[in-house]
Amino acid sequence: MNILVYIDPGTGSMLFTIAIGIISACVFFLRALLIKLKFVMSGGKSKTDKNANKEDYVIFSDSKRYWNVFKPVCDEFERRQIKISYYTASPDDPALSEEYKFVNTEFIGEGNKAFSRLNMMKARVCLSTTPGLEVYQWKRSKDTDFYVHIYHAVDEGLGYRMFGVDFYDAILLTGEFQEDNIRKLEKLRSLPAKETCVTGSTYLDSMRKRLDEAQAEGSLEASGVKTVLIAPSWGESSILNRYGESILSALAATGFNIVVRPHPQMAISDAGLLNELKEKYPENDRFKWNSDNDNFECLRNADVMITDFSGIIFDYCLVFNRPLIYADTSMDLSPYDAAWIDEPLWRLEILPKLGIKLNKDDFGDMRSIIDSLSESDEYRNGREEIRNTAWQYIGESATKTVDYLVKKCTEIKDKEQ
């Protein structure tokens, strides 16, 4: 008789954590035992270095979509001829096809297999965008000295699930304004103060450089028909979850070229809804679905973008320097760090400086609203203000990021002497 046992995801995660803890303890015990044996066998003269075989720098990326954050950093390490390992949990990460001499790129498996490798990693400095260190499956390795988090969005830093970055040692900021919320959360949770360093945004720098190069090659040919990009976030509060068919029907009726680019997480968390909408609105000459890993061309070709609270707001407005339309939608903050801060989200407060608010009652006037969106001084000045606040050290982020990592690694090595 076959008996099927169901284990819910939470229990599965707990069991995995326990198993990894036991395995890690055994590994560290055996390492310590081996060192003692070498010491005894050498007559008490062995000075085995516990830091032997420890890598200076490791980058961990849980998804290929963060390559735009890490590529400038890897390029800078390569330029300086400093060795670094890049671990990825995506088998098709673009990093794996790069021909570096000093950057070692490696696919370490997906899901729990990747975390198993990380939990026993030997490194002085580890850089990552991945939240949840020491909260879920990813545990701090006893053989890794310093964990650095790098933001992949230029917002207030409160959009992570609770405790997402609490157990990092340092956070690299895109702008000074982000530090205030870090300190507030540390105080509320009785956490030790993390190091912070303003380094700018590597991925926005990279995107701006690409735009400059593309414009130098020549302007896009105007088709005579506006292209509208709808780029929502995911979850119950996002545009497609809240307004789905009503907003897509209103856009399709405008006669403009419509491109829908769902957040990658929607294909996982809201797969049922996404499939229904794709079936209801199949592609044609004027309506496209986009899921490219790289959003550059999608943003570059759009005359207008419609979004909610997605971080793509900053890509579009700050790099491509165009205003937007943002939907009237609320966000359930209860699962996020933002729920701990009794203040409105900065990203929602600055939206009126970047574009026009769209209410559901306005869906019938979608074409006229899009046509009326102009390059006014109000929105141009608003974009400049936000750019100066949220995206500091434009063009210097990779240099400043590597400067910080090298400085920190040097400090760690000095203490090892």
Counting C-beta onward and ignoring hydrogens, is there a side-chain heavy-atom pair between Trp391 and Ser397 closer than 4.5 Å?
no
Among Arg189, Lys184, Arg183, salt bridge (Lys or Arg N to Asp or Glu O under 4.0 Å) partner for Glu186:
Arg183
Would you say the ring centroid of Tyr86 lies under 6.0 angstrom from that of Tyr100?
no
Between Phe296 and Phe320, is the gap from one ring center to the other below 6.0 Å?
yes
pair Phe70-Ile150: side-chain heavy atoms closer than 4.5 Å
yes
Taking the six-membered ring of Tyr147, is NZ or CZ of Arg140 closer than 6.0 Å to its centre and within 45° of its axis?
no
Side-chain H-bond candidate by donor/acceptor type, Asp332 with Ser334, under 3.5 Å
yes
Might you work through the side-chain hydrogen bond (donor to acceptor under 3.5 Å, both in side chains) test for Asn290 and Asp292, ending with a clear yes or no?
CA-CA 6 Å; Asn290 180 275; Asp292 295 344; 3.1 Å; yes
Looking at every non-hydrogen atom in both residues, tell me the closest pair between Lys101 and Glu78 and how far apart they are.
N-OE2, 2.8 Å
Does atom CD (Glu99) have a neighbourhood of more than 12 heavy atoms from anything else shown, all under 6.0 Å?
no
Between Thr130 and Phe60, what is the shortest heavy-atom contact and its length?
OG1-CE2, 3.5 Å
So, using ring-ring contact (aromatic ring centres under 6.0 Å, His included) as the criterion, who are the partners of Tyr168 when residues are at least two apart?
His149
Would you please say whether a donor-acceptor pair under 3.5 Å links the side chains of Arg387 and Asn321?
yes
From the list Trp346, Tyr151, Tyr203, ring-ring contact (aromatic ring centres under 6.0 Å, His included) with Phe314 holds only for Trp346
For the CD atom on Glu176, are there more than 12 heavy atoms of other groups (residues, nucleotides or ligands in this structure) within a distance under 6.0 Å?
no
